[in-house]
Amino acid sequence: MSDRRPLVAGNWKMHKTGAEATEYAAALLAELGDGPVEAEVAVCPPFTALQPAAAAFAGSQVAVLAQAVHEADAGAHTGEISAGMIAATGAAGTLVGHSERRAAGETDAQVAVRVRAAIDAGLSVILCVGESLDQREAGETEAWLTAQLRAALTPFEGVHEERLSIAYEPIWAIGTGRTATPQIAQETVAHVRAVSAGLIDGERVRILYGGSVKPDNASELMGQKDIDGVLVGGASLDAASFAAIVRAA
Ligand code: PGA
């Protein structure tokens with residue numbers, strides 16, 4: 001871990017209603033207590049729970065982020081929501097380019113304009129990148145991540161954007177219980193940092209690891225030199241388990 005402040009974010013995916021988000025907030029805040037928390041903490045509820053979550057976490061150390069955003073301000077985009085709409089819920093940011101969104105058709109070009117639109121609207125962004133198992137086994141991981149990063153970060157070339165973080169999430173480790181070893185995670189995150197360095201300020205940008213992070217592996221992962229935090233799916237759904245990961249930071 002470097003002097004970059006760790007970031008621990010929980011991606012709820014398609015889980016929890018507004019009422020459940022409110023209950024979760026009470027439980028998480030009780031777990032974290034009143035003292036300062038070392039890590040920056042965020043949760044990413046589904047769109048329908050953003051507003052109740054933002055209200056329940058208001059004034060606390062926990063930020064609320066959306067899971068996706070559309071690049072347009074408004075318009076004929078059925079089922080989408082804009083960065084301004086996300087901001088109006090009280091949420092502070094959004095994930096962009098999660099592999100589950102990419103698998104549903106989100107392209108590199110869309111990821112790039114969506115990151116830009118969110119930053120321009122004053123939101124923070126966690127840009128997600130990651131390779132499939134086939135790509136890893138074919139030795140294509142680095143080239144693939146380089147291409148994903150170049151596509152998404154070229155609009156920011158030369159600019160350090162405080163509100164932009166990157167999550168490296170190998171697709172083969174998401175929801176599979178198969179975590180990347182700390183060595184593989186560190187090695188790959190170091191590559192992500194090196195590529196980012198050529199585009200934005202790679203020394204300052206926070207890079208997270210995601211993929212089957214649990215309370216019992218979080219601390220070793222976050223102990224790696226280039227890993228500045230974690231993006232947690234399944235293990236973030238329970239407030240006590242997520243709090244244990246926050247404490248591991
Ligand atoms: P997981 O999901 O922790 O359930 O593997 C991580 C993610 O998709 O962000």
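Ligands are counted one by one from 1 in listed order, and the atoms in each one are counted from 1 as well.
- No donor-acceptor contact under 3.5 angstrom links the side chains of D73 and S82, judged on distance only.
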Tabulated below should be the N or O atoms of ligand 1 paired with protein N or O atoms at under 3.5 Å; can you produce that?
unit_1: ligand 1; atom_1: 2 (O); unit_2: K13; atom_2: NZ; d: 3.3
unit_1: ligand 1; atom_1: 3 (O); unit_2: S212; atom_2: N; d: 3.4
unit_1: ligand 1; atom_1: 3 (O); unit_2: G233; atom_2: N; d: 2.8
unit_1: ligand 1; atom_1: 4 (O); unit_2: G234; atom_2: N; d: 2.9
unit_1: ligand 1; atom_1: 5 (O); unit_2: G175; atom_2: N; d: 2.6
unit_1: ligand 1; atom_1: 5 (O); unit_2: S212; atom_2: N; d: 2.7
unit_1: ligand 1; atom_1: 8 (O); unit_2: K13; atom_2: NZ; d: 2.7
unit_1: ligand 1; atom_1: 8 (O); unit_2: H98; atom_2: NE2; d: 2.7
unit_1: ligand 1; atom_1: 9 (O); unit_2: H98; atom_2: NE2; d: 3.3
unit_1: ligand 1; atom_1: 9 (O); unit_2: E169; atom_2: OE1; d: 3.3
unit_1: ligand 1; atom_1: 9 (O); unit_2: E169; atom_2: OE2; d: 2.6

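- Under the side chain to side chain contact (heavy atoms under 4.5 Å, CB included) criterion, R102 pairs with D108, V111, L127, V129, Q148, not counting sequence neighbours.
- With sequence neighbours excluded, no residue forms a salt bridge (charged side-chain N to carboxylate O under 4.0 Å, His left out) with K214.
- With rounding to the nearest 0.5 angstrom, the CD atom of Q186 is 10.5 Å from the CG atom of L221.
- Residues that satisfy the ring pair (Phe, Tyr, Trp, His ring centres under 6.0 Å) test with H191, not counting sequence neighbours, are absent from this structure.
- Panel note: side chain Q110, backbone T107; a donor-acceptor pair is recorded below 3.5 Å.
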